[in-house]
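Report on one structure; see the data block that follows.
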Amino acid sequence: MKGFCLSLLVALACAFVVGHAYAGPVAYLDAFGEIYVTDNPKAVDAVSALSCLSSPPPSGPLAGILTSAVPRGTKLLDFRIDGDRAVVNFSKRLVAGGVEETRLSGVFEQVKWTLWNWGIDMNVSILVEGVPFSQWAVPTPVIEPRGDVGITSLSGRSITLSPGHGKFWNGSGWYTQRPVYCSPLNEEDYHNLEICQYIETYLLNDAMTVKMVRCTNKNYGNNPYTGDPWWKMAACYWLKNIGYPCSVYGSYSGCSLGDGGSESSDDIRSRPLASDYDNTNIYVSLHTNGYQGDCTGAGCPTGTITYYDCSSEHASWCTVSQNLANAVHGALIDTIRNKIPISDWTDRGKADSNGAYGEIRIPDRAAILIELAFHDTCDRDAVYLRDNFFRSACAWGIYKGICSYFGTTPTWDFYSDELVSHTIPSTMTTGETRQVSITFRNKGVLWTEAKQIRLGAVGDSDPFTTQTRQYISGEVGPNGTYTFTFNLTAPSTPGTYTTDWRMLRENVTWFGATCSVNVNVQAPTTEIIIDNSDAGFSASSNWSTGTMATDKYGTNYRYRSTAATSDVATWRPNIPSAGTWAVYAWWSAGTNRSPSSAYIVYYSGGSQSVTVNQQTNGGKWNLLTTKTFGTGTAYPTQKSCWATTGYVVIADAVKWVKQ
Ligand SMILES: [Zn+2]
């Protein structure tokens, strides 16, 4: 096997050698099919490294663990730089036994990362005896659109959104397609879905038609294949479950899923074929990148790359796919660098995958595949991928890029909300404390105290509290609501005061709706109530006491036991302050014997006689009069009774209320 590493074309490649005069790096695949870069003693320059792709380490600790998508015996026929791309031409051995989707992507990534390690960072085209590699793939079926998508709006636009991977049948069991890296990081299979949930929310808020190829609802239930929740499953199983035809979900291994050989190609192809079936406007796939397993330190790769496909199979969609990549990648990088912000985030650019990724080679529409960050760069990208703020922010950036592609702008900005409700009263008493609440619905990036996203008193001051910030506990994602509950204390001076509250990110910006309430702060109401048992009540001896337990002032009422032509009872409150007072009388409902009766209210300079109907006005406070009284004077309220016979209930109580 030694000979395979000794290319006849070493001389041609000398210009690209980066100074390695000893064993150099070659990209192989680990057990999950992820890139793993290690040194091979036969790799001394870019060309010899490419030749080594067909020879995984024969000895040492990685022997038997690393594999290659380039079969043993494959020869490197030619390597050249053609404009902006590196062209690698292999012998026909590369396509022996058929070309699965995972072989296309695996060879592409091995070549790309090997060249990258030798200082060649550009588009990569892989040929097999001069013919583009992807043309050797097993053809996909032609899908007739179902034609009932019902486009209504981002204004009338539709998208197929593909969260990469998910559990699948690998020929002998059910596995995720990527392992857990940088534990406890979620696996790529799962965080792709979780990030796409945010993207979907933003797009639906703008009324776009969104076709998700995996289950987006974590509460949907469990699947019959593995017993896991449906959202963990790869696309082909879900698409079958929701009624897509076999030509979409089983295009590689057939209509029966969960048996036979690996269904990896079924899964990859089912996504773009679903977009053909739905005839959506665009196709966007989300992935995260891998390089070498858990990696820590300055040398680990970071950043975002977005792929489009200009291979022959996708040529007629090349330009629109590049446009989509430009729009989405640009907005995404801008959002990460300037809004999150991570100013030094690495922009790995946009690249042509040249048929390597079936997800974006197959769809008959604009299609991109985003590798958002490196899930195995443990001290940087992987930390961000765990962070729901980062996830939602990236999702918002992708949403903005999709808007930009269609020539629109996002309805909801990065920081956005709407006011749902509040309980701030319109009137309060001086010095009074009330617990109030304000509820906002988040329409933008996720809210968390970790990013100092808070509710603030507008202008950093408020007449009702010195606590001008209210804090969020937990996280509030897009479309989530949050209720802030706190106390307001009215000022000590009567008047109208404004309390106004708005969301902000501390030291960054205020945003969204303002909850503003004008509160009329009044001096406290003074009430004096005298009932028939209190001091201040007096009556002639003809009045006796009785009891009725039917209302709050009815336990001690008075009735006249002896007929007389005129008897009076008097309530004499002590008036604590000068001013205008309203005077009320109370008697029990349904217990009165007089059809009507007169009260006389005395005040400075006169008196007011008020006749009220005792038959119909019982059981409530009856306003007798409103008058201005002087300070400290006791003014009587007098009940006169002229009935000549029987049994007359007079008022149970009299109330004076300061106006
Ligand atoms: Zn992936």
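Nothing fancy with the numbering, it's 1 onward along the sequence. All values reported here derive from a predicted model rather than from experimental measurement. When a ligand or atom number is given, it counts from 1 through the structure's own listing order.
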Are the ring centres of [X] and [Y] closer than 6.0 Å?
X    : Y    : result
Y237 : W230 : no
Y181 : F374 : no
W345 : F390 : yes

- Item | Salt bridge present between K443 and D413 (N-O < 4.0 angstrom) |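 Looking at K443 and D413, the cut-off is not met.
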
- Message: If the condition is ring-ring contact (aromatic ring centres under 6.0 Å, His included), which residues does W136 pass it with, not counting sequence neighbours?
- Response: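 ring-ring contact (aromatic ring centres under 6.0 Å, His included) list for W136, sorted by chain: empty.
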
- Query: Between L127, N354, V111, V99, which is the residue that forms a side-chain contact (heavy atoms from CB on, under 4.5 Å) with F133?
  - Reply: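 Passing option: V99.
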
- Query: How many protein atoms of type N/O/S are positioned less than 2.8 Å from the Zn ion (ligand 1)?
  - Reply: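 Counting protein N, O and S atoms closer than 2.8 Å to the Zn ion (ligand 1) gives 3.
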
